[in-house]
Amino acid sequence: MSPVIEVEHLTKRFGGLTAVDDVSLRLDGGRIIGLLGRNGAGKTTLMSLLTGQEFATEGRIRVFGDSPVEHAQTLSRISFIRESQRYPDSFKAKHVLASAPWFFGGWDEAYARELVSDFRLPLDRPVKKLSRGQLSAVGVIIGLASRAPLTFFDEPYLGLDAVARQLFYDRLLADVAERPRTVVLSTHLIDEVADLLEHVVVIDDGRILVDDEAEALRGSATTVTGTRSAVDAFVAGRTVTHRTGLGGLASATVARLDAESQLAARAAGLELAPVSLQQLVVQLTNSDQEVSA
Amino acid sequence: MTAIALDQTATQDRSRSLGQRILAVVRLHFVNPTAILWLPLMILGIIFGANWILWWLIHEFSGGKDLTEGTQWSGASAFIFVYMMVVAIQAMHLTFQYALGMGATRRDYYLGSALTFVLLGAGWAALIGTLGVLEELTGGWGLNGRMFTSVYFGADGAAVRYWYVFLLFLLFLFLGALSGALFVRWKALGVTALWVGLGLLLVAGLAVVIMTNAWGAIGGFLGTIGTGGAYALTLVGSALAGIGGFLVLRRATPRA
């Protein structure tokens, strides 16, 4: 079982800025992987490196077992429409959809047409005149209809309204279920996609903070809420990743609680709530966080 | 599980041959033919129309003077060569990032673009060459005007003129490809550096020629190789520009 993406000690520097910092990853395919992180965390740079669009400063990348750089065989199996993808100025949306099939062996024209109508994309409008949401729809349609064995979506929902976003999530899930492939979904709107993700990679400041199964992460932390004194007594001796307080009430996030601890917490009158993926990522990537024992 | 899942997706994983990949880039350049075909054709038409009116005016008001002598030095068609260079720069600037987004390698993209430029050069040579033949047949468009048979295209006959025009287009298009690659990689700075560099080379060359008083030798050399030889020499420049463009583009990355 060879992983689809293998990265060893990957570093990318732009002048003095280190966008990707000594990253090592092994990602198995056939599932939806979330690449989560704040703006400027290095998500797009990492994806650009994985697709051979940027050159690594140091380190080794293997995608489908080969370096993606200038490797036509590998690149033809990858679809990556970056969030800031530029289209030729003279292009209308229809020119994009006319040319994309020439590059993707698995392009499904009927599916593309269906998506165009779903997203109400005006084909005769110059790409320059498309709204942010319509531009995102172009990227989403290419990403889905190319049916590439490895598909990257880079913040695909920008400017899309709630209906269109839901449409994208539904279509993605249905299509991947029908035609298993590897999807990397880069996003900072984590709550919306949390249920889609099977694996989560969190990147912050160019470094990988989390590389784990989504299921494992979902139960990995718990928030306990109650009176300040009860919370203080319960968390004493535990690692607290986050805490807030209001008047006599307090809540604290602690690592996974076993059954015994859960009973003890309830007995002390505390309420327990699982920490959502989004909260977890916020807490992990918020450098101003207050960490107390 | 991974390996099995990937094997199952093999049907949606038909990889393309080199020829198909290069053809995709060629088609990409032509998918919207406005900028690359229709606009330059329109401009050529306008230039020709304006010239024809000028010839007619001179003809009318000079009492039917023969224009052959004067208009054989016409530089009217020069514009179209420079314009095609700009078209080449623009084509690369516009499509490079997009082609990379479509999963093209830089190499396939450059080969496809180069083939596009050769095709464009051939098409334009066919057009200009044929217009030259028409110009001769119609007695300079009825007015002894000359635009497509000017002295720059030599006096070796219509058939050879097609070839000269093609070589000239190649030179301009590949200078455009090199400039386009420089623009993609280093923006305006790269293009400026190229042309300043070429300008300096020219000045240096002139200085050497003047200091060594080599005008006679150069004249002799050009006389020996003739118009055909001089035009064939442009192939060296086109090839150098073409190879240079590839070396520059090979390490280019998409930049906003």
Side-chain angles (χ1 to χ4, degrees), chain A residues 1-4 14 27-31 48-49 51-55 64 68-82 84-92 94-108 126-127 139 142 146-150 179-182, chain B residues 1-18 20-39 90-112 184 249-256:
Chain A
M1 185 163 112
S2 63
V4 168
F14 295 103
L27 296 172
D28 289 330
R31 54 191 181 159
S48 301
L49 289 162
T51 53
Q53 295 197 11
E54 286 287 348
F55 300 100
F64 295 119
V69 176
E70 291 296 273
H71 197 275
Q73 224 60 24
T74 302
L75 292 180
S76 70
R77 304 169 74 179
I78 301 176
S79 162
F80 169 46
I81 299 299
R82 53 177 64 223
S84 60
Q85 178 66 49
R86 289 200 51 198
Y87 300 93
D89 283 351
S90 57
F91 269 31
K92 293 177 174 174
K94 65 177 177 190
H95 296 126
V96 176
L97 288 157
S99 51
W102 304 332
F103 294 90
F104 296 109
W107 184 266
D108 184 333
V127 176
I142 294 177
S146 61
R147 296 249 166 87
L150 174 58
R179 294 174 179 78
R181 54 193 195 264
T182 310
Chain B
M1 174 216 150
T2 311
I4 298 161
L6 289 174
D7 285 342
Q8 284 168 347
T9 58
T11 45
Q12 67 196 37
D13 184 23
R14 281 163 284 161
S15 38
R16 304 272 162 111
S17 69
L18 179 67
Q20 284 173 312
R21 300 197 309 264
I22 289 172
L23 189 66
V25 175
V26 175
R27 294 177 78 185
L28 177 63
H29 281 297
F30 287 108
V31 67
N32 182 358
T34 311
I36 201 163
L37 286 181
W38 308 143
L39 217 58
Q90 213 178 16
M92 294 194 72
H93 165 55
L94 290 177
T95 55
F96 172 70
Q97 235 205 69
Y98 179 67
L100 242 54
M102 296 288 108
T105 63
R106 291 162 182 82
R107 176 171 158 271
D108 292 349
Y109 172 76
Y110 193 80
L111 288 175
V184 164
L249 196 80
R250 206 169 54 151
R251 295 290 296 177
T253 53
R255 294 273 181 265

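The two atoms that bring B/Ala104 and A/Phe103 nearest to each other are CB-CE2, 4.1 Å, heavy atoms only. A pairwise comparison of heavy atoms in B/Gln97 and A/Ser84 identifies OE1-O, 4.2 Å as the closest pair. B/Leu94 and A/Asp89 get closest at one heavy-atom pair: CD2-N, 3.5 Å. Summarising the geometry of B/Thr95 relative to A/Pro88, their closest heavy-atom pair is CG2-CG, 4.1 Å, with the distance given to 0.1 Å. What you find for B/Pro254 and A/Arg82 is that their closest heavy atoms are CG-NH2, 3.9 Å. When all heavy atoms of A/Gln53 and B/Thr253 are compared, the closest pair comes out as O-CG2, 3.2 Å.
Contacts of B/Ala91 with chain A are absent, with no heavy-atom separation under 4.5 Å from either backbone or side chain. Heavy atoms of A/Val69 lying under 4.5 Å from chain B are absent altogether. Both the backbone and the side chain of A/Ala72 come within less than 4.5 Å of a heavy atom of chain B. Neither the backbone nor the side chain of A/Leu150 has a heavy atom closer than 4.5 Å to any heavy atom of chain B. The part of A/Pro101 that comes within reach of chain B is its backbone (N, CA, C, O), which places non-hydrogen atoms under 4.5 angstrom from that chain. The parts of A/Ser90 that come within reach of chain B are both its backbone and its side chain, each placing non-hydrogen atoms under 4.5 angstrom from that chain.
Remark: A/Lys94 engages A/Asp124 in a salt bridge (charged side-chain N to carboxylate O under 4.0 Å, His left out) (not counting sequence neighbours).
Between the CG atom of B/Leu100 and the CG atom of A/Leu75 there is a distance of 8.0 Å, given to the nearest 0.5 Å. Note: B/Asn32 CG to A/Lys92 NZ = 7.5 Å, rounded to the nearest 0.5 Å. Here the straight-line distance linking atom CZ of A/Phe55 with atom CZ of B/Arg250 works out to 9.0 Å at 0.5 Å rounding. Atoms CE and OG, from B/Met102 and A/Ser79 in turn, are 7.0 Å apart once rounded to the nearest 0.5 Å.
Cation-pi geometry between A/Arg86 and B/Tyr98 is not satisfied (NZ or CZ under 6.0 Å from the ring centre, within 45° of the ring normal).
Listed by first then second residue, pairs satisfying salt bridge (Lys or Arg N to Asp or Glu O under 4.0 Å) with a partner in residues 20-35 of chain B read B/Arg21-B/Asp108, not counting sequence neighbours.
A heavy-atom distance below 4.5 Å is found between the side chains of A/Trp102 and B/Val31.
Ranked by heavy-atom pairs shorter than 4.5 Å toward chain A, the options B/His93, B/Arg251, B/Gln90 are led by B/Arg251.
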